[in-house]
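Starting from 1, each residue takes its place in the sequence as its number.
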Amino acid sequence: MLAKAAFPALFFTLAGFILFLLVTLSVPIIKTIYLLQVRFDRSGTTGSTSLGANAGIFGLCYQGGQASFLGFDYSSNAACTDPAVGYTFDENFLGLDNSGLSRAVIKGLAGSLILNAIAAGFAGLSLVWSFFAWLCASRGWEIFTFISLFFSVLTAWLAWALDLALALVARHRIEDASDDVLDARIGNGVWLALGGAVAVTLALCFAGCGMFGRYRSDRVVQQKPVGYRRRYFWQRNHAGRGTY
């Protein structure tokens, strides 16, 4: 029988796992999720051109061909790097030779790469334990879930804090290195990581409360054997005896 006490922890653990998985699979795998967006806008009398790049966990996607000419808009992604831990920012693509832009981005993002993946891994492990706790109605699995979620919460908040802090530092360094030619913005991946951290924190609270809930072992009625008790002659049943 399924355990109702373990379901809230399972639900929020699943939500946190999905959010951190999306952050881990950000640019260049999922091109709409990124931690930092760098843009370079150039406008003229006949139109405007926008160049830039989106930085994710394992790479970059350069935005080339986003232009507006005589009222008509054109947009496309120029190129994306291959997914890898540690990548370089092509400064020549944005026309900023020897600007130190690569060091600013890599130092800002490299520290959070592994932490987001570890947070997703801990959330996935907690999801397995919470699923068995819910399916098997077992208090022991719920205890394993609580322990795993504890480490998941620590890793998740640390990953989000570094994502936010390093994105802010990278934005400041990029704008200084380019003399405010480039406009750097915090991406949606930072807020997805915040949502994941909140979700696993709620899951930890519900798992702690769920350990004291009702499970299948609590509803098993223990049948105590009935022992033999000696009956004296005056306690015996005399019904059915004949009369003399």
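- Taking hydrophobic clusters as Ile, Leu, Val, Met, Phe, Trp and Tyr residues chained together by side-chain heavy-atom distances below 4.5 Å, V128 does not share a cluster with L135.
- Between S152 atom OG and F146 atom CZ the span is 12.5 Å, to the nearest 0.5 Å.
- Two residues are said to be in side-chain contact when any heavy atoms from C-beta on lie closer than 4.5 Å; L168 and L164 meet this criterion.
- Here I29 contributes atom CD1 and C61 contributes atom SG; the two are 10.0 Å apart, rounded to the nearest 0.5 Å.
- Interatomic distance, F11 CZ to F206 CZ, rounded to the nearest 0.5 Å: 10.0 Å.
- In this structure, the side chains of L14 and I18 come closer than 4.5 Å at one or more pairs of heavy atoms.
- F20 and I186 fall into different hydrophobic clusters, where Ile, Leu, Val, Met, Phe, Trp and Tyr side chains are chained together by heavy-atom contacts under 4.5 Å.
- Of all heavy-atom pairs between V200 and A123, the closest is CG1-CB, 4.4 Å.
- Remark: N188 CG to L22 CG distance equals 10.0 Å, nearest 0.5 Å.
- Rounding to the nearest 0.5 Å places OG1 of T24 at 9.5 Å from CD1 of I114.
- Hydrophobic clustering, with ILVMFWY side chains joined whenever heavy atoms are under 4.5 angstrom apart, groups L194 together with V153.
- Shortest non-hydrogen contact noted between T155 and A119 is CG2-N, 3.6 Å.
- W134 and F144 are assigned to two separate hydrophobic clusters, defined by single-linkage of ILVMFWY side chains at heavy-atom distances under 4.5 Å.
- Taking hydrophobic clusters as Ile, Leu, Val, Met, Phe, Trp and Tyr residues chained together by side-chain heavy-atom distances below 4.5 Å, L204 does not share a cluster with W141.
- A pairwise comparison of heavy atoms in Y34 and A55 identifies CB-O, 3.5 Å as the closest pair.
- Contact record, G189 with L35: C-CD2, 3.8 Å, taken as the closest heavy-atom pair.
- Between E142 and A9, the closest heavy-atom pair is OE2-CB, 4.0 Å.
- By the 4.5 Å heavy-atom criterion applied to side chains, W129 and S148 are counted as neighbours.
- Here the side chains of N54 and L60 are not in contact, with every heavy-atom distance at 4.5 Å or above.
- L125 places none of its side-chain heavy atoms less than 4.5 Å from the side chain of L127.
- W157 is listed as a side-chain neighbour of T201, based on a closest heavy-atom distance under 4.5 Å.
- Between M211 and I143, the shortest heavy-atom contact is SD-CG1, 3.7 Å.
- Side-chain contact between L25 and I33 is absent, with no heavy-atom pair separated by less than 4.5 Å.
- Considering CZ of F7 and CZ of F131, their distance stands at 11.5 Å, rounded to 0.5 Å.
- Using modelled atom types, one side-chain atom of S26 and one backbone atom of I57 make a donor-acceptor pair closer than 3.5 Å.
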